[in-house]
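Chain identifiers are assigned alphabetically (A, B, ...) following the order of the sequence lines, protein sequences preceding nucleic acid strands; residue numbering begins at 1 within each chain.
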Amino acid sequence: MRRSVLPVLWVVLAILVVWYVAAIPMNVREVLTQAERGGAQVWGGTAAERQERSALALVARNPGVAMAGWSQERPRLPVPHQVAVELWQSTVGEEVFGRRGFVQTGEFSNRSLITHAGITLGATVVGFLIGTAAGVLLAIGIVHNRAMDMSVMPWAVISQTVPIVALAPMIVVVLNSVGVQGLLPKAVISAYLSFFPVVVGMVKGLRAPDRMQLDQMHTWNAGTGDTLRKLRLPASVPYLFASLKVAIAAALVGTIVGELPVQRGGLGARMLAGSYYGQTVQIWAALLMAAVLAAGLVGLVGWLERRTLRAMGGAA
Amino acid sequence: MANAASLSRTAGPVIEAQGVNLVFQTADGPVQALRDVSLSVAKGEFVSFIGPSGCGKTTLLRCVAALETPSSGRLTVNGMDPDAARKARAYGYVFQAAGLYPWRTIAGNIRLPLEIMGFPRAEQDARVDRVLRLVDLAGFGRKYPWQLSGGMQQRASIARALAFDADILLMDEPFGALDEIVRDRLNEELLGLWARTGKTTLFVTHSIPEAVYLSTKIVVMSPRPGRITDIIDSPLPRERPLDIRESPEFLAVAHRVREGLRAGHIEV
Amino acid sequence: MANAASLSRTAGPVIEAQGVNLVFQTADGPVQALRDVSLSVAKGEFVSFIGPSGCGKTTLLRCVAALETPSSGRLTVNGMDPDAARKARAYGYVFQAAGLYPWRTIAGNIRLPLEIMGFPRAEQDARVDRVLRLVDLAGFGRKYPWQLSGGMQQRASIARALAFDADILLMDEPFGALDEIVRDRLNEELLGLWARTGKTTLFVTHSIPEAVYLSTKIVVMSPRPGRITDIIDSPLPRERPLDIRESPEFLAVAHRVREGLRAGHIEV
Amino acid sequence: MTLVLLAVAVWVGGWALNGWLTRGGRERLRAVRVAVPLIFGATILLCWELLVRGLDVPPAILPPPSRIGATFAGNLPVLWGDFVQTILKGAFSGLAIGVAAALAVAVLVDRFDALRRGLLPVGSFMAALPIIGVAPIMVMWFGFGWQSKAAVVVLMVFFPMLVNAVAGLADTTQMQRDLMRTYGAGYWATLGKLRVPAALPFVFNGLKIAATLAMIGAIVAEFFGSPTQGIGFRISTANGALQLDMVWAAILVGALAGSAVYGIITLVERGATFWHPSQRT
Amino acid sequence: QDAVTLQLKWVTQAQFAGYYVALDQGFYGEENLDVTILPGGPDIAPTQVIAGGGADVVVDWMPSALAAREAGVPLVNIAQPFQASGMQLTCWADSGIAAPADFANHTLGVWFSGNEYPFLSWMSQLGLQTDGKDADGVEVLKQGFNVDPLIQRQADCISTMTYNEYWQVIDAGVTPEELVNFKYEDQGVATLEDGLYVLEESLADPAFVDRMARFVRASMRGWQWAEENPEEAAQIVLDNDETGAQTIEHQTRMMGEVAKLIGDSTGALDPAAYERTVATLMAGGSAPVINAVPEGAWTTAVTDVALAAQ
Ligand SMILES: Nc1ncnc2c1ncn2[C@@H]1O[C@H](COP(=O)(O)OP(=O)(O)OP(=O)(O)O)[C@@H](O)[C@H]1O
Ligand SMILES: Nc1ncnc2c1ncn2[C@@H]1O[C@H](COP(=O)(O)OP(=O)(O)OP(=O)(O)O)[C@@H](O)[C@H]1O
Ligand SMILES: Cc1ncc(C[n+]2csc(CCO)c2C)c(N)n1
Ligand SMILES: [Mg+2]
Ligand SMILES: [Mg+2]
């Protein structure tokens, strides 16, 4: 555990360095155009002509000017500290000093990423729970019923090749039309994405008991229910948790995708809004927030896994 | 000991097989796993089955336990058909690997069949205690299987099979995974246990000394098709210290078993 | 046979251990796996190591194969240090499980070390053919491992270790997973093979009869810490039919081994 | 109403038929194995058709499958163009680049332990990141063409593939590695003759995940800007024009492509890892 | 109170200020209405929402509403607050485009989802193909909903609204002199934008007509108030924006521009403008939006009642 802290720090550091370096050529064209508007002489001809030149050449020939790529207002690639500042301002800054912030109003501001992360989190958790429940039930059906096994499994695979994300707006609208609004349509999409790993993992897990263990149950004259409760389900727990970690990340993706078309808050809406108004820094901040959320959720499942396995007498 | 001996004569055969055949239908065609097997086991006997891999030892045990159904022939357990006996919980089955559930403590593992059979809680506790003491594991009930050595796990698995007081103990290479020294020790203990409880025991093994040391009757089997080639009633006394294994009677029986085996054995 | 015997006297010891200690640093503190192990093996000898689980048999073999490095003491193989011997491809190692790669045919598996060692293609084919015949598997080269029985897999694994003509054969419970009858058969074959090739062989086993039957020298070990408690030079002739195992000399050696084992053995 | 009842009857009938087919040894027949999922699919389609008609669902909400089928058949050239644009150009090129990069990095990571300990935690963090969010950024960087779609796909498939490949390369037993050592095998020999073959089952597992993700990524990225062609383009524009039959036809193209790719990978996997216990039964 | 659900065509912004103002200032309440405003988004088709029963009335553009009508969702225009079109093509001046005749051999960004029809109609009037760059054709991109393609010079022209995207280009540091704008209004291809639409069958119910009349009346009061108090209106919009992404400067400016498009509208549809829209759409080249002249696609029944009571 501790042995990996240092390497991780190195990798993160390397990413930051590459990020900063890359930002200069990424932003150079716009930087030059703006410098030109400000009256500066830049190498590379007109803005239209510069389009044809390589970014590296532009950086090399306009060394002083190009450094402004780290401090643009609407960069193509914002640098880490810009994202950090935005993250700070749209969380702590907004809540503490904002007109509608927590300090002023006693409620979280709708301009704050905390609110949006909360909205996304709610739908993700609900969707994840629905997806997990559906996945477990389906797996139980598949393990106990051969007709179901043979007919459902191929379609479960095919279901995942349907570009559900493209369907998201339609699902939202259709559910809207039957009066289902708010969190649930998003949760349905995240449930759809998260049920598959659970089915696959649970089918494997429920089938993990070997012939000997099943025979043992048989010699005790145990019924299907007893075998499920006392053998198959406990045996499937490690498989379940492995799937849950994948499923919760998928659920988060589902929620965010479900939030894209409906501008009713959430990190997905926030990313898209950032895109509408050319606020790249805002997109990156929302992305980072989503990554933190994802890491937190996966970490939480991991923690639950360790606790459960320990409670089940695990050697680990 | 006297106890076991007296019990062993009380009634008719506990297990009776007559002309049992079993054919498995496989993708490569039918496999005759048992051919014309006839055998009679009296109450309180300790019967070992020995034979090369694939000769049908496990299959025969599974037929007795109603885990397989013979294709033809007659097989009765306690005078009923094996499935009725299974439902009457007539036997405890011990497999090669201890097969304890890692998520249950030793006591929890032993309690498992009792829960399934619906014993009341207090009765469960009493029985778990009793069999733990019987296999010399008192005090280990709260441990998890992986905290015990292989030999102790195997004893716990025997305790589990004994907990619900089945008449018949079926053991399929229970000590196959253990090293020889541990095995010697458990053989001695199993013999003691058998003497104390008087349970009719069917025991599958690959080890000639083990078979000879434990049994009142040794069944030698041969593969392709699986059949019985020799049934040896042991002349050894019921009281058997470990070094009986260097006695001439012992060696004589072992020799007969080995010859029987070699005759039936084909290609490795 | 005569061949092996004559070879065995030609030179100084092939393996020489003096006061070898090995301590593993584990999370629960240091574990002394080997304590003050001294041993000398001459060319062409067949040395068995026997002892309860955890007594360091495997560790000792791994030290010889340069897969572990002793914490202290002197260990030489062919007069060099073990890692130099490894690079000189001084030995073939056979593990308990056959450990064949499932994605290669039997021939492909045997060819693997030859490919790595850069033998020319024609030479590879010739050698594969030769060792397949040696272990009686001619005709099975195109099969995949899982299509063969356990005994056949184990023979293939021995063939693989023989293919590149190492001086020393290290075998760690090669027959542990097989049943007694198959094991008898392979023991006989291994003895024949050894006679034909005259390879110095170190052999780990749990089985007393196996150790006594095969070896010119038996090393009895004892655990916690792992050490040598007895070294027995076998008085048995080199020519050994299977039923030598019922001879008094055999039983005497077996008895001595068993006593040695029991002395070193603690709790089951 | 009768149509709704009919739908219920079809559902029950379909299951009864499948139940019968999968009992009594019939399930071992090859034909039955193929037929059962098909019957199930047909049952769903039939129920869908009957329910949509029976409940008078407006076609602007959910068209019946028969209309989707007709639209699909009637617009093959258009849909083929979309398929080429999105799947062949966007998804496949991205998949190829992403997988190749992941495999190369996996070998590096496997080689240098510090890299593994550093990169894998960061990698699993990135793998959980909703990459969809970078689609607008990629469109901004790489333009409207398939290149931006490929870029999204590369990012989506890279980490799942990397994690699987690294796990695969490490999936050797101590014994197998020791064996290679006793042969005096160097790093590359061990890699080529032991680690890579041992990693194949994992690599295929990763490929299956990656292929599905690639389809989704390429389609979704088109929502943020595209030429006037592509599955995502078709879905969003047809949806705006209330041509839901066209929307579903485009989705069908995506699903067919996804299933075909999945099927092909499965076949190749069966050939390449024939030795793995999971393929042997 | 009577419940009314309004589905907007786009995200919460000053483009819809009138409705938010009417809600916020209690104009709806005074008409005894309980109004819910649902914001839209790029992939929300208001026509679909109303067809599915998710809204009573929607804000939509006439091309998309008429297309939906042909597709079997019988929408009827009941009011038309926006009199003029705010849509335009914004081009780089240095790309050599000075007049529509110069479009040939350039890349143009266009919004789809129903907004492409006036554009296609325009191009066909100009005699330009839309399937690739050449001497008599243009390359068309499905533009996302931001101005990046222009800024990054991936397109020479992009679609903008006078009240929104155009200012984003300016905000990105571009000076107006660097740009050339072609308003649809000036090119004679304008179509009616943000109108209010309901399902035809609902109008058979006099109670519904009455409810809509009150709704339109209150909404127009909202628009009037918004035009008079642009800063407050922008603030109201901001308060209602659930994404929290809007800025007050941009919304205030947008309010000013939107006010120009509404002008002195009473909410009643101008039949001449309707005819012009239909003509533009019918002229739409190879794939016209609508194939037949629509019948009964608008009514003054609601505005008549609404205006009479004023
Ligand atoms: N379920 C089955 N289906 C098909 N063939 C089977 C089945 N079970 C066992 N067999 C075959 O029946 C024969 C007898 O098998 P069985 O397991 O009884 O042998 P065994 O004597 O227990 O062998 P071992 O010593 O290896 O345990 C073998 O040839 C085996 O392959
Ligand atoms: N890599 C290791 N790290 C820590 N301890 C080890 C390691 N390998 C072996 N040991 C310990 O060293 C001791 C000797 O182990 P070894 O495997 O040599 O025993 P063995 O005689 O081969 O036993 P077995 O008969 O079970 O194979 C044991 O206590 C074992 O737990
Ligand atoms: C699906 C859809 N696509 C594009 C537009 C065009 N449009 C009209 S208003 C507006 C907001 C910015 O001013 C935009 C982009 C639309 N209405 N709906
Ligand atoms: Mg068996
Ligand atoms: Mg060992």
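Looking only at side-chain heavy atoms (C-beta outward), A:Asp226 and B:Met117 stay at 4.5 Å or farther from each other. B:Leu67 places a side-chain heavy atom less than 4.5 Å from the side chain of A:Thr219.
B:Phe140 CZ: 12 or fewer foreign heavy atoms inside a 6.0 Å radius. Within a 6.0 Å sphere centred on CZ of A:Arg207, heavy atoms belonging to other residues, nucleotides or ligands number more than 12.
For the set A:Ala235, A:Ala222, A:Pro234, the count of heavy-atom pairs under 4.5 angstrom toward chain B peaks at A:Pro234. Most heavy-atom pairs under 4.5 Å with chain A, from the set B:Arg62, B:Lys143, B:Gln147: that is B:Arg62.
In this structure, CG in A:Asp215 is found 10.5 Å from CG in B:Asp172, a value given to the nearest 0.5 Å. Within the model, atoms CG of A:Leu231 and CZ of B:Arg104 stand 10.0 Å from one another, a figure rounded to the nearest 0.5 Å. Rounding to the nearest 0.5 Å gives a distance of 9.5 Å between CZ of A:Arg229 and CD of B:Glu115. Note: A:Gln213 CD to B:Tyr101 OH = 5.5 Å, rounded to the nearest 0.5 Å.
Using non-hydrogen atoms only and a strict 4.5 Å limit, the part of residues 79-92 of chain B facing chain A consists of B:Arg86, B:Lys87, B:Arg89, B:Tyr91.
Shown here for A:Gln216 and B:Tyr93, the closest heavy-atom pair between the two residues is NE2-O, 3.2 Å.
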Apply the test side chain to side chain contact (heavy atoms under 4.5 Å, CB included) to residues A:Arg211 and B:Phe95: give CA-CA distance (whole Å), side-chain angles for both, the deciding distance (0.1 Å), then the verdict. CA-CA 11 Å; A:Arg211 166 110 178 254; B:Phe95 294 88; over 6 Å; no
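There is no contact between B:Ala161 and chain A, counting heavy-atom distances below 4.5 Å.
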